[in-house]
Amino acid sequence: MLRIGLLGAAAIAPAALVRPARQVPGVLVAAVAARERARAEQFAARHGIGVVHDSYADLLADPGIDAVYIPLPGGLHAEWTLRALNHGKHVLCEKPMAANQAQARQIAEAAGDLVVMEAFHYRHHPLAERMRAVVGDELGTVRRVRVSLCVPLPRFSDIRYAYELAGGATMDVGCYAVHVARLLGGGESKVVSARARTLRSRPLVDRSMRAELAFPGGASGEVRMSLWGWPPLSIAARVSGERGELSVVNFLAPHVYHRLKVGGPDGTRVERVAGEPTYTSQLRAFHAAVTTGAQVLTDAGDAVVTMGLLDDIYRAAGLPPRGMNQGD
């Protein structure tokens, strides 16, 4: 039995951990801690969690816990991931794993034989591998990759707009767009340019971002991400190659709905790729990594590369990477 402790009674936790744990044999959400014990007690009572700890530190010190799930604000991810590793716990951490590349590198160096997985849940649905296979097998030389993840969040008091908590559209949703571009682009890209739109009240925080990428094989790329911008809602990927084009709608939650379309010399076809809910697949993969040594698709080394691109996007847009002093 893999006994997981929950650091934070976050709104995402029921969908990302509690309900999937009921579908994955050998996983138990055994304990929870929150900033306030009363909140943790309420969460535990609502979701049938047997142990409530007074603090995050107390949960990490619990010898009955094998691993932790960290859904805290992004600016706290690296700190508590490192502390969990120091206590010998495996870690499933919400994306992005760190506030910047330097923090991600610290985690990668500290992981040792412990499993550290960044929670890019989309990557565990069969659609992700199908997208990559179509690009590799059918499109020929890739010429352009375009990925967008735009959702409307006009509540500017939300912590996702707090610089000190590693907020911003690039961090919250752009990390997905960059990760998908990496998956489909054929080699690791470099940032060519970026343009941000920021909040008037928080000039360091991007509400939207657009970045141009260059891939080693000669392809160009574009990633667009926003929490408040245009288009207000877009979750899509498009890859153009010498022999055809792939377009995908809703790569993020394909178990709810998605459309994969491939066009080429022989015409156009639409596919649907069956799979269980992405969070369930993710937890199944985490359990397998811990118990059998199965490959981790989104480990800390992968996070180092993603965070390097996010840092470079911010710099290209004239903004500081997250987790740094404003003058850095």
Any pair counted as side chain to side chain donor-acceptor pair (under 3.5 Å), so long as it reaches residues 291-301, sequence neighbours left out: none
Given side chains that start at C-beta, do those of Pro254 and Arg272 come closer than 4.5 Å, heavy atoms only? no
Expected output: side-chain Glu242 to main-chain Thr141 donor-acceptor under 3.5 Å: yes
Taking Arg322 for the side chain and Pro320 for the main chain, is one N or O donor matched with an acceptor at less than 3.5 Å? yes
Residue pairs fulfilling salt bridge (Lys or Arg N to Asp or Glu O under 4.0 Å) with at least one residue in residues 41-50, sequence neighbours excluded: Arg37-Glu41
Taking only Lys NZ, Arg NE, NH1 and NH2, and the carboxylate oxygens of Asp or Glu, determine whether Glu164 and Arg202 approach each other closer than 4.0 Å. no
Can you tell me if Asp206 uses its side chain to pair, donor with acceptor, with the backbone of Ala169 under 3.5 Å? yes
Determine whether more than 12 heavy atoms belonging to other residues, nucleotides or ligands lie under 6.0 Å from atom CZ of Arg200. no
Report the residues that fulfil ring-ring contact (aromatic ring centres under 6.0 Å, His included) with Tyr279, sequence neighbours left out, ordered by chain and then residue number. His121
Pairing residues for His125 by the ring-ring contact (aromatic ring centres under 6.0 Å, His included) criterion, not counting sequence neighbours: none
Atom CG in Asn100, atom OH in Tyr314: separation rounded to 0.5 Å? 11.5 Å
Which ring pair (Phe, Tyr, Trp, His ring centres under 6.0 Å) pairs, counting each pair once, include a residue from residues 253-274, with sequence neighbours left out? none
Nearest non-hydrogen partners of Ala166 and Ala99, listed with the distance: CB-CB, 3.9 Å
Working to the nearest 0.5 angstrom, can you tell me the gap between Met225 CE and Met209 CE? 6.0 Å
One thing to verify: whether Arg243 and Glu138 come together as a salt bridge, which I'm taking to mean a side-chain N less than 4.0 angstrom from a carboxylate O. no
So Val27 and Phe286, do their side chains get closer than 4.5 Å, heavy atoms only? no
Is there a side-chain contact between Val91 and Leu114 in this structure, where contact means two heavy atoms from C-beta onward sitting under 4.5 Å apart? no
Would you mind reporting whether Trp230 and Ser208 have side-chain heavy atoms less than 4.5 Å apart? no
With side chains defined as the heavy atoms from C-beta onward, is the minimum distance between Val180 and Leu149 less than 4.5 Å? no
Val191 with Val145, same ILVMFWY side-chain cluster at under 4.5 Å: yes
So, are Arg259 and Glu271 salt-bridged, with charged N and O less than 4.0 Å apart? no
Testing the basics here: between Met307 and Ala98, what is the closest heavy-atom pair and its distance to 0.1 Å? CE-O, 3.4 Å
Taking only residues at least two apart or on different chains, which pairs with a member in residues 88-107 satisfy salt bridge (Lys or Arg N to Asp or Glu O under 4.0 Å)? Lys95-Asp172
Heavy-atom check, side chain of Leu319 versus side chain of Thr170, under 4.5 Å: no
Donor-acceptor contact below 3.5 Å, side chain Asp311 vs main chain Gln101: yes
When you compare the side chain of Gln103 with that of Leu82, does any pair of heavy atoms fall below 4.5 Å? no
Please step through side-chain contact (heavy atoms from CB on, under 4.5 Å) for the pair Val270 and Leu260, ending with a clear verdict. CA-CA 6 Å; Val270 175; Leu260 182 153; over 6 Å; no
d(Leu252 CG, Ile235 CD1) to nearest 0.5 Å is 5.0 Å
For residues 56-65, run the donor-acceptor check on the side chains, cut-off 3.5 Å, and write out each pair with its distance to 0.1 Å, sequence neighbours left out.
{"residue": "Asp58", "atom": "OD2", "partner": "Ser55", "partner atom": "OG", "Å": "3.4"}
{"residue": "Asp62", "atom": "OD1", "partner": "Gly64", "partner atom": "N", "Å": "2.8"}
{"residue": "Asp62", "atom": "OD2", "partner": "His53", "partner atom": "NE2", "Å": "2.9"}

Nearest heavy-atom pair of Leu6 and Ala13: which atoms, and what distance? CD2-CB, 3.8 Å
How long is the straight-line distance from OH of Tyr161 back to CG of Leu227, given to the nearest 0.5 Å? 4.5 Å
Write down the atom of Pro73, the atom of Ile159, and the distance for their closest heavy-atom approach. CG-CD1, 3.7 Å
Can you hop from Phe120 to Val68 via hydrophobic side chains spaced under 4.5 Å? no
Taking every non-hydrogen atom, the tightest pair across Ala289 and Val296: CB-CG2, 3.6 Å
With a 3.5 Å distance limit and no angle check, can you tell me whether Glu118 reaches the backbone of Met97 through a side-chain donor-acceptor pair? yes
Where at least one partner belongs to residues 65-81, residue pairs that pass salt bridge (Lys or Arg N to Asp or Glu O under 4.0 Å), sequence neighbours excluded: Glu79-Arg83
Work out which heavy atom in Ala300 is nearest to a heavy atom in Ile107; give both atom names and the distance. CB-CG2, 4.0 Å
Are Val116 and Val305 connected in the hydrophobic side-chain network, where two residues link if heavy atoms are under 4.5 Å apart? no
Stepwise side-chain contact (heavy atoms from CB on, under 4.5 Å) check, Leu153 with Val173: CA-CA 11 Å; Leu153 183 66; Val173 293; over 6 Å; no
List in chain and number order the residues that pass side chain to side chain contact (heavy atoms under 4.5 Å, CB included) with Pro231, two or more places apart in sequence or in another chain; answer none if no residue qualifies. Cys150, Arg224, Ser234
All pairs passing salt bridge (Lys or Arg N to Asp or Glu O under 4.0 Å) where residues 280-289 contributes a residue, at least two apart: Glu276-Arg284
Path from Leu17 to Val290 over hydrophobic side-chain contacts below 4.5 Å: yes
Would you please test Ser148 and Glu222 for side-chain contact (heavy atoms from CB on, under 4.5 Å) and show each step? CA-CA 8 Å; Ser148 61; Glu222 178 192 68; over 6 Å; no
List for me each residue that meets side-chain hydrogen bond (donor to acceptor under 3.5 Å, both in side chains) alongside Ser247, sequence neighbours excluded, and say none if there are none. none
Atom pair CG/CH2 of Leu7 and Trp80 - distance to nearest 0.5 Å: 7.0 Å
Applying side chain to side chain donor-acceptor pair (under 3.5 Å) as the test, list every pair that has at least one member in residues 22-32; sequence neighbours left out. none
Thr306 side chain reached by Pro96 side chain, heavy atoms, under 4.5 Å: no
Measuring from atom CZ of Arg182 to atom CZ of Phe215, what distance do you get when rounded to the nearest 0.5 angstrom? 9.5 Å
Quick check on the hydrophobic clustering: are Leu297 and Met131 connected, directly or via other members, by side-chain heavy-atom contacts under 4.5 Å? no
If you draw a 6.0 Å radius around CG in Asn86, do more than 12 non-hydrogen atoms from other residues or ligands fall strictly inside? yes
